[in-house]
Amino acid sequence: MSQVVFGIVGPSENDALTAATSCYAYALNRLGYDARVIDFRVPELAQSFKQHIQKGDIAFAFGLQGVGSQLKAGDNTTCLWTAIKKPFISLHNDHPCHNIHNHYGDSSFVANLYHFDSFREAKEKYLPSGQISKYMPMGFAVADSSPRIAFAERPIKFLYMKNSCDLSAEQAYCDALPAPLRDAVRQQTERALKNPNLELCDLVDEVFTSHGFSRHQLWDEFWDIARVMDRSIRHARAAAFIEWLKFQEGAVIIGDGWDTVDKTGTRAVFKPAMSAYASHMLYQQSQIVCNTNPYGRDIIHERTMAGLGIGACVFSDTNGWWEKNASDIASLALYNWSDPLDDQLQSHLKDMKKAGEAASASVAAYHRLFPAQDVGQLVRLAEDVRSQNGN
């Protein structure tokens, strides 16, 4: 009889976490587990989860971004996974500053698996704990077998999918900081915008050290500033890219919150956000998939993976990982934030027939860069957790 594995999900932007969790569950099922995706907002799923907890037939559970890692037992104080002595694996592809409690805790039954080693290093340096933390390279959980539309027949020339974010709270937070600290944080943010290979926590720690502050005494402020910097950088990158993309013929921009963009002279079509499931169909219809990365030296965004995997050309901002591993891919145009985008990208648009020829090698590049995800690493990490806890 197969053992039950639960992939726990909650609300997420465009249902992205649910879609990704389903892929991991599918891959675990192929290993012989009875893997199920659980959303506690669905009463029958919540009831099923409770029944299996009572039966004790759970092998382990997992959650992307650490969703589910902080569940409590009946007394509402003890971590559920400690109470039932079952491993829980938090899969992280976001910086610890966004929800530090999902990266740091006292339950030895919770382990962390990071898709980016820079985030694992930040966690180990700035959020040390007794929990096991390991690195798991990005890959595809399930191979895409969808039929591909010929490059020349794809109706969308450029596709960019990203929601805007309201930074009013972050702006107010920075404005309320003492002037020297506020100015130093803004200087570090500008420095990071020009250099994609620094670490946010290191940048904040430099500011604190130079001003005589202790991050241990100002714990909340330290992580709040890191989060403000990260969100500000993400938004600045996206907004700057849209300012270029909106003037390109055949561009489709998918996402909520871009109402404030000046549409004067724009050639792009703006559309509201859609679910991760629906967006996959748009990738198949696109010649050039566009991307702006979150911040970090080794960040790989799913947009870039999807673009290469579907046989498209890809425009993406660069970092150390991309420069080292993918600078020779003809269908991938890597750009930086120090030079005008037009100077870097227009040359790739002069001959779309040549672009189509380059895109024919995208899928091979995708499989080279992102081999099939070793979901067995979740199983092995769960076994390490059991061994650590003597069961």
Side-chain angles (χ1 to χ4, degrees), residues 94-100 103 116-128 162-244 257-258 260-262 291-301 316-324 334-344:
D94 222 342
H95 193 279
C97 69
H98 288 284
N99 192 332
I100 61 174
H103 296 256
F116 307 120
D117 209 34
S118 61
F119 291 172
R120 183 196 61 80
E121 290 176 0
K123 180 262 186 296
E124 292 293 290
K125 182 176 180 180
Y126 293 99
L127 290 170
K162 183 171 177 60
N163 291 338
S164 177
C165 57
D166 180 3
L167 293 179
S168 57
E170 286 80 0
Q171 185 63 52
Y173 182 89
C174 278
D175 290 344
L177 293 173
L181 182 58
R182 178 195 64 214
D183 294 344
V185 168
R186 287 177 175 166
Q187 288 172 4
Q188 292 290 61
T189 303
E190 288 299 318
R191 179 183 169 197
L193 277 168
K194 292 183 174 65
N195 186 342
N197 300 314
L198 305 174
E199 162 51 43
L200 289 171
C201 289
D202 289 347
L203 293 173
V204 181
D205 200 40
E206 287 178 13
V207 171
F208 272 43
T209 300
S210 66
H211 286 78
F213 298 140
S214 166
R215 61 182 169 88
H216 301 290
Q217 293 176 346
L218 298 173
W219 176 267
D220 291 338
E221 289 80 0
F222 179 89
W223 290 103
D224 285 342
I225 290 172
R227 184 171 60 256
V228 165
M229 289 178 62
D230 189 69
R231 282 176 57 83
S232 299
I233 292 168
R234 290 188 191 212
H235 181 73
R237 287 177 169 182
F241 187 78
I242 280 180
E243 283 301 310
W244 175 81
W258 298 112
T260 58
V261 172
D262 182 0
N291 175 59
T292 54
N293 281 312
Y295 189 78
R297 70 172 190 265
D298 53 355
I299 302 304
I300 303 160
H301 196 278
S316 178
D317 51 353
T318 190
N319 58 38
W321 189 94
W322 285 106
E323 293 291 347
K324 178 182 177 181
L334 297 172
Y335 61 89
N336 61 59
W337 294 106
S338 299
D339 303 308
L341 292 180
D342 224 39
D343 293 350
Q344 299 180 73

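The model shown is predicted, which means the values in this text are computed figures rather than measured ones.
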(request) Would you sort out whether S214 and F222 count as a side chain to side chain contact (heavy atoms under 4.5 Å, CB included), showing the intermediate values? (result) CA-CA 9 Å; S214 166; F222 179 89; over 6 Å; no
(message) Could you check whether W244 and F241 have their ring centres less than 6.0 Å apart?
(response) yes
(message) Return the CD1 to CD distance between I233 and E190, rounded to the nearest 0.5 Å.
(response) 9.0 Å
(request) Please round to the nearest 0.5 Å and tell me the distance separating atom CD of E199 and atom NZ of K125. (result) 8.0 Å
(message) Regarding D175 and R186, does a basic nitrogen lie under 4.0 Å from an acidic carboxylate oxygen?
(response) yes
(request) Could you tell me whether a side-chain N or O of Q344 sits under 3.5 Å from a main-chain N or O of N336, the two making a donor and an acceptor? (result) yes
(message) Looking at R297 and D202, is there a salt bridge between them, counting it only when a charged N and a carboxylate O are closer than 4.0 Å?
(response) no
(message) For a quick test of reading the model, state the closest non-hydrogen atom pair linking A240 to L341 and the distance between them.
(response) O-CD1, 4.0 Å
(request) Provide the closest heavy-atom pair for S232 versus L167 in the form atom of the first, atom of the second, distance. (result) CA-CD1, 4.0 Å
(message) Is the shortest side-chain heavy-atom distance between V185 and M229 below 4.5 Å?
(response) yes
(message) Using 0.5 Å steps for rounding, measure from the CG atom of D262 to the CD atom of E243.
(response) 7.5 Å
(message) Using only atom types and a distance under 3.5 Å, with no angle test, would you say the side chain of H211 pairs donor to acceptor with the backbone of V207?
(response) yes
(request) Apply side chain to side chain contact (heavy atoms under 4.5 Å, CB included) to the pair I300 and W322, showing each step before the final yes or no. (result) CA-CA 8 Å; I300 303 160; W322 285 106; 3.8 Å; yes
(request) Mark yes or no for whether W223, through its side chain, and C201, through its backbone, hold a donor-acceptor pair below 3.5 Å. (result) no
(request) Flag the pair N319 / Y295 as yes when at least one side-chain heavy-atom distance between them is below 4.5 Å, and no otherwise. (result) no
(request) Enter the distance from I225:CD1 to C97:SG here, rounded to the nearest 0.5 Å. (result) 11.5 Å
(message) Can you classify the ring geometry of W258 versus H235 as parallel (below 30°), tilted (30 to 60°) or perpendicular (above 60°)?
(response) parallel
(request) Compare all side-chain heavy atoms of F119 with those of D298 and state whether any distance is below 4.5 angstrom. (result) no
(message) Checking salt bridge (charged side-chain N to carboxylate O under 4.0 Å, His left out) between D94 and each of R231, R234, R227, which is the one that passes?
(response) R234
(message) For A169, is there any backbone N or O sitting under 3.5 Å from a side-chain donor or acceptor partner on D166?
(response) no
(request) Classify the ring geometry between F208 and F213 as parallel (under 30°), tilted (30 to 60°) or perpendicular (over 60°). (result) perpendicular
(request) State whether the side chain of K123 and the backbone N or O of H103 hold a donor-acceptor pair below 3.5 Å, judged by distance alone. (result) yes
(request) Report yes if some heavy atom in the side chain of R237 is under 4.5 Å from a heavy atom in the side chain of P196; otherwise report no. (result) yes
(message) Can you give me the closest heavy-atom contact between L177 and L181, atom names plus distance?
(response) CD2-CD2, 4.1 Å
(message) To the nearest 0.5 Å, what is the distance between CG on D224 and SG on C174?
(response) 10.0 Å
(message) Quick one about N291 and N293 (side-chain donor to acceptor, distance below 3.5 Å, no hydrogens or angles considered), yes or no?
(response) yes
(message) Could you check whether any side-chain N or O of D317 sits under 3.5 Å from a backbone N or O of W337, counting only pairs where one atom can act as donor and the other as acceptor?
(response) no
(request) Would you give the length of the straight line joining atom CG of L334 to atom CD of E323, rounded to the nearest 0.5 angstrom? (result) 5.5 Å
(request) Would you please test Y335 and T292 for side chain to side chain contact (heavy atoms under 4.5 Å, CB included) and show each step? (result) CA-CA 10 Å; Y335 61 89; T292 54; 3.4 Å; yes
(message) Please find the pair of heavy atoms, one from A226 and one from L200, that lie closest to each other, and give the distance.
(response) O-CD1, 4.1 Å
